[in-house]
Enquirer: 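Sharing a structure below in structure tokens format, with a few things to ask.
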Amino acid sequence: MSPRKIIIDTDPGQDDAVAILLALASPKDLDVLGIVAVAGNVPLDLTEKNARIVCELAGKTDVRVFAGCDRPLGRPLVTAEHVHGKSGLDGPNLPDPTMPLQPQHGVDFIIDTLRNEPANTVTLCVLGPLTNIATAFQKAPDIVARVQQVVLMGGAYFEVGNITPTAEFNIYVDPQAADIVFKSGIDIVVMPLDVTHKALVTQARNDAFRALGTPAGIAVAQMTDFFERFDKEKYGSTGAPLHDPCVTAYLIAPDLFKGRHINVEIEVKSELTMGMTVADWWGVTDRPANATFIGDLDADGFFALLVERIGLL
Ligand code: BDR
Ligand code: CA
């Protein structure tokens, strides 16, 4: 089977970086048509730079990296330096990138790609706020029907929220954008905190990355060393949750994950619960299912896949 064509939309972010490394290490499974940066964990000038740093770490300098939107559709940008550090990629000491940023706006790249590739052959793999995707859908409504699938990290139900008591960061940063995507009618797979909080790096898992002895393996160990302090302090967990790699792992090995096809709606009106993913997990409404909401994963299988693939870089 030929590899699945994907566009990665991202705000790196240490966990975004690991997700990107997994995709770039898996060319038999995934054909990365381009990477589009968005403002999220840190401002856009840093996320686009970090995306290029990660491509160079992977030795894939031919991957095209674009800058997308620098702010959410209708709200001021909220960032997460308290989690990811000032650069967004704190931990390893990686050189500034030398590969170029593509001159085209990332939203136009998404539109052109979906128009030029055969319909239903391109999957949008979203690791940050949904601003670029919603902007592309607003600017070119004809592309919506051409998207094969959207697989995204965002939201929470049983875990409720990480940036507010009721909202997960990616959805909270741009709830209007999330609302547009969840109402689009596209086949959506969601990796909420309910599953990503089970994708925890332990000391043994961190050691396995470091033991690869490669630049990518060592950098992943250093990134998770840095990133874990936040969740350890906040949740008392064993280590860093690898949120975004759940998206790329799902595209390679969907059998590692379990979820339910349910209705998910986004709170866009109440400031108190802004960005909440109202997930009808128990089927208590007759609202139509619009997303596969993942709740569980085979964590050992997930980390085995990550170590094996990142070891190939
Ligand atoms: C999400 O927010 C960011 O901090 C991470 O990169 C991930 O995409 C987790 O809530
Ligand atoms: Ca992210």
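Every number for a ligand or one of its atoms is a count from 1 in the order of the listing. These figures come from a predicted structure and were not determined experimentally.
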Enquirer: Just checking, Arg205 and Phe302: is the charged tip under 6.0 Å from the six-membered ring centre and within 45° of the axis?
Expert: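 No, Arg205 and Phe302 do not form such a contact.
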Enquirer: Looking only at N, O or S atoms, find the one in Asp244 nearest to the Ca ion (ligand 2) and name it.
Expert: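 In Asp244, the heteroatom (N, O or S) nearest the Ca ion (ligand 2) is OD2.
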Enquirer: May I ask you to identify the nearest protein heavy atom to atom 3 (C) of ligand 1, giving residue, atom name and distance to one decimal place in Å?
Expert: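 The answer is Asn41 OD1, 3.1 Å.
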Enquirer: So, 4.0 Å and heavy atoms of Gln14: is ligand 1 close enough to count as a contact?
Expert: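 No.
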Enquirer: Answer with yes or no whether the side chains of Thr123 and Arg4 bring together a donor and an acceptor at under 3.5 Å.
Expert: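 Distance-only check passes for Arg4 and Thr123.
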Enquirer: Name the closest protein heavy atom to atom 8 (O) of ligand 1, giving the residue it belongs to and the distance to 0.1 Å.
Expert: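 For atom 8 (O) of ligand 1, the nearest protein heavy atom comes out as Asp244 OD1, 2.7 Å.
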Enquirer: If you count the atoms of ligand 1 from 1 in the order shown, which ones are under 4.0 Å from a heavy atom of Glu168?
Expert: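 So the answer, numbered in order with elements, is 1 (C), 2 (O), 9 (C), 10 (O).
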Enquirer: Which of the numbered atoms in ligand 1 are below 4.0 angstrom from a heavy atom of Met153?
Expert: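 Close to Met153: 1 (C), 7 (C), 8 (O), 9 (C).
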Enquirer: Please check this pair: side chain of Arg146 against backbone of Asn120, looking for a donor-acceptor N/O pair closer than 3.5 Å.
Expert: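 Checking the backbone N and O of Asn120 against the side chain of Arg146, no donor-acceptor pair under 3.5 Å is found.
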Enquirer: Within the structure, does Asp11 bring an N/O atom to less than 3.5 angstrom of an N/O atom in ligand 1?
Expert: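 N/O-N/O distance below 3.5 Å does not exist for this pair.
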Enquirer: Do Phe227 and His84 have ring centroids that are under 6.0 Å from one another?
Expert: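 Here the rings of Phe227 and His84 have centres that are less than 6.0 Å from each other.
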Enquirer: Find all atoms of ligand 1 within a distance of less than 4.0 Å from any non-hydrogen atom belonging to Leu127, and give their numbers and elements.
Expert: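 Those qualifying, in numeric order: 8 (O).
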Enquirer: Using modelled atom types only, decide if a donor and an acceptor are shared between the side chain of Asn116 and the backbone of Thr113 within a distance under 3.5 Å.
Expert: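 It does not hold such a pair.
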Enquirer: Once rounded to 10°, what is the value of the angle centred on the Ca ion (ligand 2) between Asp11 OD1 and Leu127 O?
Expert: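 About 90°, to the nearest ten degrees.
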Enquirer: Salt bridge (charged side-chain N to carboxylate O under 4.0 Å, His left out) between Asp174 and Arg75: does it pass, once the steps are laid out?
Expert: CA-CA 7 Å; Asp174 200 340; Arg75 293 166 63 81; over 6 Å; no
Enquirer: With a cut-off of 4.0 Å, which atoms of ligand 1 are near a heavy atom of Asp15?
Expert: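 Atoms satisfying the 4.0 Å criterion: 5 (C), 6 (O), 7 (C), 8 (O).
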Enquirer: Tell me if the CG atom of Asp142 is crowded by more than 12 foreign heavy atoms within 6.0 Å.
Expert: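 Yes, the 6.0 Å shell around CG holds more than 12 heavy atoms from other groups.
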Enquirer: Is ligand 1 under 4.0 Å from a heavy atom in the side chain of Val83, in the backbone, in both, or in neither?
Expert: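 It is neither; nothing of Val83 touches ligand 1.
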Enquirer: Is Ile252 close to Arg309 at the side-chain level, that is, under 4.5 Å between some pair of heavy atoms?
Expert: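 The answer is yes, as the side chains (C-beta and beyond) meet within the 4.5 Å cut-off.
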Enquirer: Ligand 1 versus Ile163, non-hydrogen atoms closer than 4.0 Å: side chain, backbone, both, neither?
Expert: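 Within the 4.0 Å criterion, Ile163 makes no contact with ligand 1.
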